[in-house]
Every structure is written in structure tokens, then in C-alpha cells.
Trainee: 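Have a look at this one before I ask anything.
These numbers come from a predicted model, not from an experiment.
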Amino acid sequence: MNVTDPIHLFRQSAKQWPLRAALQVEGRTITYQELDAWSNAIAHRVIGQGHAGERIAFVARKEAPSYAAILGIMKAGSAYVPLPPDGPATRWTTMLQRAGVRALVGREEVDDLDGIDGGEQGTHAPPDMPTNGEAYVLFTSGSTGGPKGVSVGRANVAAYLEHQLAVNEFHSTDRFSQFFALTFDLSVHDLFVCWAVGGCLCVPTPSELMRAASYAREAGITVWFSVPSLVVLQQRLRTLNEGALPDVRIALFCGESLTWSVLRAFTTAAPKARLINLYGPTEATIAIAAYEADRGSLGQEGVVPIGRTFRSTDGRIAGEELELCGPQLARGYVGDQEATDRAFRVEQGVRWYRTGDRVRMDDQDVLHFLGRTDDQLKIMGHRVEPAEVDAALAPLLGGTPVITLPREEGGAVRLYTFVQGVVDQPALMNELRRVLPSYMLPERILQVDRMPMTAHGKLDRRALLEQVEHG
Amino acid sequence: MDRTELAQQLRERLIHRAERLGLRAEEVGGSLDLVRSGLLDSLGFVDLITELEQVVGREVDLATAFDAPGATTFDGVLELFLRS
């Protein structure tokens, strides 16, 4: 299939299966015809108010208007900028400023356009927009302070979809999970793979998401896509029982390292499922490598490989760092040309992205993830730069040394912040709560007399982390 | 174990972390959402429930632990144990 644009794929499905369910959310089923008309109306409103081709934000609650807004914004030739529903507000401000957003799509306005029938802002499709425009800007944690926005083009998304639709047999009868937050690029897979094949996108409520396995069973999910942590959560909830997910036929995982033990647990619950581990940074659009585990290899321990890069992509290993090129490479970081130039480099006319991920390739040309070249880590699938925590504290600390370090505890990664000298810990934590999302908050802020150093004159991280155990 | 004792057990497990987060001791209770406030992540929340199960000496229906309105609040946790 030659995929030119994600919106074209949605429109094709809407034309082919107008009365089929496109979306199930908040107890409501919305057909392709209804979602098409609703998003057309939003697109006309965006165009009519002079915002076509601009970046447009919305608060990314997992509610029906958000899905219509994404389609409507893209139909208007604009790029969507999803704001995390839990804020914090200061982070929204940074995101809006960095992305240069001038317009927001509000929930009430979108609600007003639901079910609109004909007229000036009618249900007819707006004109086709250029397929080389921007699709979305998603923000990830930035090491130099504040979130950084990755600009991804419609052609990037089209290249990703082309690969997924070619290698996986998704059907119009499939029911797709929508577990990822709309601020995650993995949600773009959820929406547009589903809508490309005429499937039904099943959106759990926040409480249903917590018990995703029982939700998937109730909703008849056939395509499961989640971070491995969600599977671990289901294990701890004691819901990942034998045969608990009888309908799942394709299971995809991405966003953090997948272990064989987690995969084994999932397979017990979903005995019919193909098991696919995806890998890819936001800068390479959703995912760019895949490894399909066969059931004969499930007895292994350790981490599941990340597989081979997609056909349209080239990968090379420089030192141990994976570098990527191809049509899925994002445009860069909004408002930060310096960071863009550092991460995306042109060599002999070819643009390469330095992932910062350390990998090795085995004799079967399969890539294995080894870790990071820097301090970036994943917490429940969220990309976190510990230095962003330090940067958030810097204004309160003056020049006082501070460092935030990760520590693995009971299968989860937690952050600890160490500050030299006597500080007002509650005041510092209050500041962090004001500017950072909850998953980036350190477990504790600890005071140290002075930062311990190794014999080589480097910060002794191990000595710092030992202080966590000693209180 | 009655509601007061259970609340005491729960508060003991949260109080230090709450203080480190800048919350006052008297704020730990009632409608405080343990997950949304950043006190616990979802895995931490489930770990807390399983820890309380051991203290109370019986299991609760974890599969539905998140379903009730306000399930992840302080009072929601108490209700989960008191109704099981």
C-alpha cells in the first residue's frame, strides 16, 4: 500500500465503512461517518478563523472531542499540539510558547460542532491539504531545562503507517486498544493504524486503563498496544490469568525495555497473540524497529531484542550509539535549532539522527538495546531527563550543587534528588510540583554535606544512592 | 480492623512521603488522590494495597480496585477494604 497521508487513510475508511464504529469512548460509539462529519466541521472552523497550517493546541483528555479535534486540526492542514491534561499549567505555558501556538481548540467549541448538519460549517470535506506539512508537535523531557517539542511531519507518519500496514495483517474487524496518552507519539499508532484499516478504537476510562487486562477482555480487544509497565501493573493486580485475553491476536509493546518474563506472563493470558516488541524514539516517528518473538524463545531471561529496523530506514552503529536515517526522521525540535543540529546531522546529503541509545547487533542482524549514552530514562514509558529536575530547582538553589539520579526499586525506576547543604525540602518539592508532571517528581530530596567524588574526580553516584538506603 | 485503625495504618505508610512532597500531615486523608497528587504512581498504589492486604490479613478485589469513583483517594482505599 502506498500511503501518502494519514488523513487520506481515514477518509478512505469513512467512505468504505461509514456506519462502522470508529471510536468507542466514555460509553459512546461513534461511527466513521459521524467522526468524519464532526472533524470536517472542526476543520472548517479552524480554516474559517484563519488558523489553517498553524500549530493548534488542545487539552488532551481521552474524551470524544479530543479524537475529533486531532482529525479536524489535521484536516485543516494544521498540526496538533496536545497538552497533558494534568498540567502543570506552567508546563503548558512553556509548551505553547515554544511551539508558537496562537490557537486552542476548546472542548466546548468542539462539543458544539458535534452532530452539526450542513450549513456554512457543514459536514462536507474541506479541501485536501498538502501532505508535506506538519502533523503534530509532541513534547518530551529536555535535559537543558523545560520540555522540548519534536516536530513530526505528515509524511513521517505516512512512512510509519506504510510499514505497519505492509507487515501486519490488521483487519477492519479488529478492535484496537487506545491505552497511550494522547501526548505520547505511540497514540498516533493507536489512532491511525486503526482508522487506516476501518477498525474500532477502544478508549478506556482512567480507571479502566489501570485494569487494562479486564477492560481488554470486556471490550473484545484484538490488537493490544502498551508499555510493558502496564503488563506489570496487570500482573500485580492479579488480572493477567491464564487465558484472560482470548481475543488478542496481535500484541505490541513499546516505550521501554520489555523483559522476557513480562512477555511470558502476557502470553499466558493471550495464548493466540503474535508478540511484537517495537522500538523507536519520538524523533524517528513512533517506532522504527521491530522484533517478533516466537513462542519457542519465551524461556529466555533478560531483555527482548529490539529487532531490525524497518525497510525504509537505515541504521548504523557509531561506537555503540544507534544512528538512524530515512523518511521517518522528524523535522527537529521546535524553537531550538541548536539542539536540532546536534541531534540531526547531514552527512553527504543524508540526514542522520543520533538516538543516544546504545545497541549491539548480533550475527542475525538483530539489534539489542544496551542502555543510554546519557542519563535519559523511562518511567512508566515517559521519557525523563533527570537533569530537567535539576534545572527546575536551579532558580531556587542559586549555585548550590544538585543532581537527580534514578534508582531501581521493586521493578520500578524512582528518582532521588541530592542537594548540597541545608535546604528547605518541602519548599523545593512544592516548586517541583508546580513545574513538573507527577511522574517526574523525585521520591525524595536528600541533603548531603558535600557531593562525594570518585578517585578519578567524578561525581560518585553510587555513594549518593547508598544514602537513600541509609535514610 | 475498623475504619479508624485502617486509616491509621494507611496514614503511617503515606505520611513521610507526603511531608517530603510538601503536604501537611492533616492533608493526608479524605479526598486526597494518592496518584494524581504525585504521592504514588500506579505501581506504587497497587503495592500499597497489597501491603495493606498483608496487614489486614485478607485480599481485596484488585481487579475492581480502580473502578469506584474516587478509588485512588485516601477514603477510596479505606472503602475498598471495608466493603470487601
Trainee: Any side-chain heavy atom of B/V46 sitting closer than 4.5 Å to one from A/Q235?
Mentor: no

Trainee: Begin from the C-alpha positions of B/T50 and A/R238 and carry the test side-chain contact (heavy atoms from CB on, under 4.5 Å) through to its verdict.
Mentor: CA-CA 11 Å; B/T50 47; A/R238 305 188 285 261; 4.1 Å; yes

Trainee: Flag yes if more than 12 heavy atoms outside B/D2 fall under 6.0 Å of its CG atom; otherwise flag no.
Mentor: yes

Trainee: Can you tell which part of B/S42 gets under 4.5 Å to a heavy atom of chain A, answering side chain, backbone, both or neither?
Mentor: both

Trainee: What are the two closest heavy atoms between B/L62 and A/R236, and how far apart are they?
Mentor: CD1-O, 3.5 Å

Trainee: Counting only heavy atoms from other residues, nucleotides and ligands, does the tally under 6.0 Å from CD of B/E26 exceed 12?
Mentor: yes

Trainee: Which one wins on heavy-atom pair count under 4.5 Å against chain B: A/L209, A/T205, A/L432, A/L233?
Mentor: A/L233

Trainee: Looking at A/R414, A/Q234, A/R433, which has the largest count of heavy-atom pairs under 4.5 Å with chain B?
Mentor: A/R433

Trainee: Please classify the contact of A/P442 with chain B as side chain, backbone, both or neither, using a heavy-atom distance under 4.5 Å.
Mentor: backbone

Trainee: Drop me the distance from A/L441's CG to B/D41's CG, to the nearest 0.5 angstrom.
Mentor: 11.0 Å

Trainee: Under the salt bridge (charged side-chain N to carboxylate O under 4.0 Å, His left out) definition, can you give me all pairs with a residue in residues 4-14 of chain B, not counting sequence neighbours?
Mentor: B/R13-B/E51

